[in-house]
Amino acid sequence: MPSASCDTLLDDIEDIVSQGDLKPQDRHSARKHVVPKARKRNTQKYLQEENSPPSDSTIPGIQKIWMRTWGCSHNNSDGEYMAGQLAAYGYEITENASEADLWLLNSCTVKNPAEDHFRNSIKKAQEENKKIVLAGCVPQAQPRQDYFKGLSIIGVQQIDRVVEVVEETIKGHSVRLLGQKKANGKRLGGARLDLPKIRKNPLIEIISVNTGCLNACTYCKTKHARGNLASYPIDELVERAKQSFQEGVCEIWLTSEDTGAYGRDIGTNLPALLWKLVEVIPEGAMLRLGMTNPPYILEHLEEMAKILNHPRVYAFLHIPVQSASDTVLMEMKREYCVADFKRVVDFLKEKVPGITLATDIICGFPGETDQDFQETVKLVEDYKFPSLFINQFYPRPGTPAAKMVQVPAQVKKQRTKDLSRVFHSYNPYKDTRQQVLVTEESFDSKFYVAHNRFYEQVLVPKNPTFMGKMIEVDIYESGKHFMKGQPVSDAKVYTPSISKPLAKGEVSGLTEGFRNRPRSHLSSARHPSAAVRRDSASSRLVLHLQKLHQDCALRVSVGLALFALLLAFLVKVYN
């Protein structure tokens, strides 16, 4: 390529300006011929923009939130913790779904119907243009489901961060927190036990003693969500129980995926925990144990019998058998045989007279024959379990059992009906005088619900003075699932709580650290006060003014920079 040549050298870049270009003075003299054109302003739109805060000034903590929880008591405890943190931050927890700004849906993955309800609720929320946060075992186990796209998810071990997730969702962002909590490389039980919570029933505290389990049942989807066993330390659980009694609780439920396995990961065991807990239970208050699988309770039968005979512990235990066929149990990978289950039941019935033993049955597990099912029927007929949870088998996606050859649907349904008929053929209750603890209202609102020493349900008259109290009643009628009792006229009404219970919806366990969190509104747990709303409105105004101030400052800065450049250019030209 030929080299370029120039007749003259350019002393400076400004010399590039040709002779035909306008000089600065020419541009200045031409200004008088420029006529400004008026631009019409959309007054209505302008006023609307002035009155509305910018999109990035949405103030979290003042919206209404509706919560729905499906599933076990562990899930309900998680829901109570999430509601408590949100209310402590300033959100209003409402029971009216239609008026809520955001729906928090806390799911259960045990059965297909529960997940179907969960999916339908998501669809309904989307139709009503609600903000949505998903929680619980379903999104934790399968976070890549198509119907989760674009939605915020909070994992079962991340419930202590629910405020962050809701805040970002309110702002229009999608957040997913599904990690596992660890300390020194070891998996923890989950969120702290001292977080604020709103108890569904102010008289009942649900305490999760551990999360996850040691089993690998082929039908279980919950293991995919909750993972392996991780237990809370005994001292933390005892402190939570003490705090609950100080807030008027008169009944504690211990819960987890398998309470019998408690402590095996941290060098302790369930009896050690229970003996520490009974030391802090006030007289007249009661402790209820959660579900335990047979393999782990076998190791502690003597100690468990002593604990279940304690006057402040319900003589009640939930031990799922699932099937009375060893062949089916092997396919389920239940890690025990029917003889093990019978040994536990027989021992406890002998050592704890009158004990209520609840169990679970799965009807129609893959490969279950008529003979297998008849063995299960015989077990129920022999032991006449007063509390029996009969479940038709549902194959859960991702589980080994879902890939097995399935029992026909009509056979599963028929076996479920047949076993239910056996269960309803006997009545476990007797008419006696009993001492009962009143804790809730019946579904039909006609009675108060109490439980006797064996955690059997007793309906008593709706006398407000009975609620939260232990009273003596004479049983005058009994049904399949309940008894009715008439209070003894001269009996003493005992108040087990060491203080007045919290009001329904009141936030429990507001620690000093949580109170001092920035931007929290703690003036009201359920309804932000006028002061909170004024603060929020003021915050919006301040943010709007700050935005305007920033815009003005930016314009001034840009103008000064342009003026400086123009001045420098003029100096060069005239020199």
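- Open room surrounds NZ on Lys276; 12 or fewer heavy atoms of other groups in view lie less than 6.0 Å from it.
- Between the Thr259 side chain and the Met291 main chain, a donor and an acceptor come within less than 3.5 Å of each other.
- Here Arg240 does not pair with Glu236 in a salt bridge; the nearest charged N to carboxylate O distance is not below 4.0 Å.
- A donor-acceptor pair is defined here as one N or O able to donate and one able to accept, closer than 3.5 Å; no such pair exists between the side chain of Ser77 and the backbone of Ser73.
- Residue Lys123 qualifies as open at atom NZ: its count of foreign heavy atoms under 6.0 Å is 12 or below.
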- Message: Show, in sequence, the C-alpha distance, side-chain angles and deciding distance for Glu257 and Lys223, and conclude whether the salt bridge (Lys or Arg N to Asp or Glu O under 4.0 Å) test is met.
- Response: CA-CA 9 Å; Glu257 283 64 58; Lys223 179 63 178 267; over 6 Å; no

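- Remark: Lys221 fails to qualify as a cation-pi partner of Tyr394 under the 6.0 Å distance and 45° angle criteria applied to the six-membered ring.
- Aromatic ring pairs are classed by plane angle as parallel below 30°, tilted from 30° to 60° and perpendicular above 60°; the pair Phe316 and Tyr455 is tilted.
- No salt bridge links Lys200 with Glu80; every basic N to acidic carboxylate O contact stays at or beyond 4.0 Å.
- Other residues, nucleotides and ligands contribute over 12 non-hydrogen atoms within 6.0 Å of the NE2 atom of His310.
- A donor and an acceptor atom, one from each side chain of Thr432 and Gln434, are located under 3.5 Å apart.
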- Report the C-alpha separation of Lys124 and Glu127 in whole Å, then their side-chain angles, then the decisive distance to 0.1 Å, and conclude whether the salt bridge (Lys or Arg N to Asp or Glu O under 4.0 Å) test is met. CA-CA 5 Å; Lys124 185 176 181 182; Glu127 290 172 351; over 6 Å; no

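- Proximity of Val138 to Glu115: side-chain heavy atoms (C-beta onward) are separated by under 4.5 Å at one or more points.
- Between Arg199 and the options Glu251, Glu247, Glu440, a salt bridge (Lys or Arg N to Asp or Glu O under 4.0 Å) holds for only Glu247.
- For Ser152 and Glu168, the side-chain atoms include no donor-acceptor pair closer than 3.5 Å.
- A pairwise comparison of heavy atoms in Gly172 and Lys131 identifies CA-NZ, 3.7 Å as the closest pair.
- Tyr262 places a side-chain N or O within donor-acceptor distance of the main-chain N or O of Tyr232, the cut-off being under 3.5 Å.
- Around atom CZ of Phe443, no more than 12 heavy atoms belonging to other residues, nucleotides or ligands sit under 6.0 Å away.
- Side chain to side chain, Asp265 and Ser231 meet the donor-acceptor criterion of an N or O pair below 3.5 Å.
- For the pairing with Val133, the side-chain contact (heavy atoms from CB on, under 4.5 Å) check across Leu105, Val175, Thr169 returns one residue only, Thr169.
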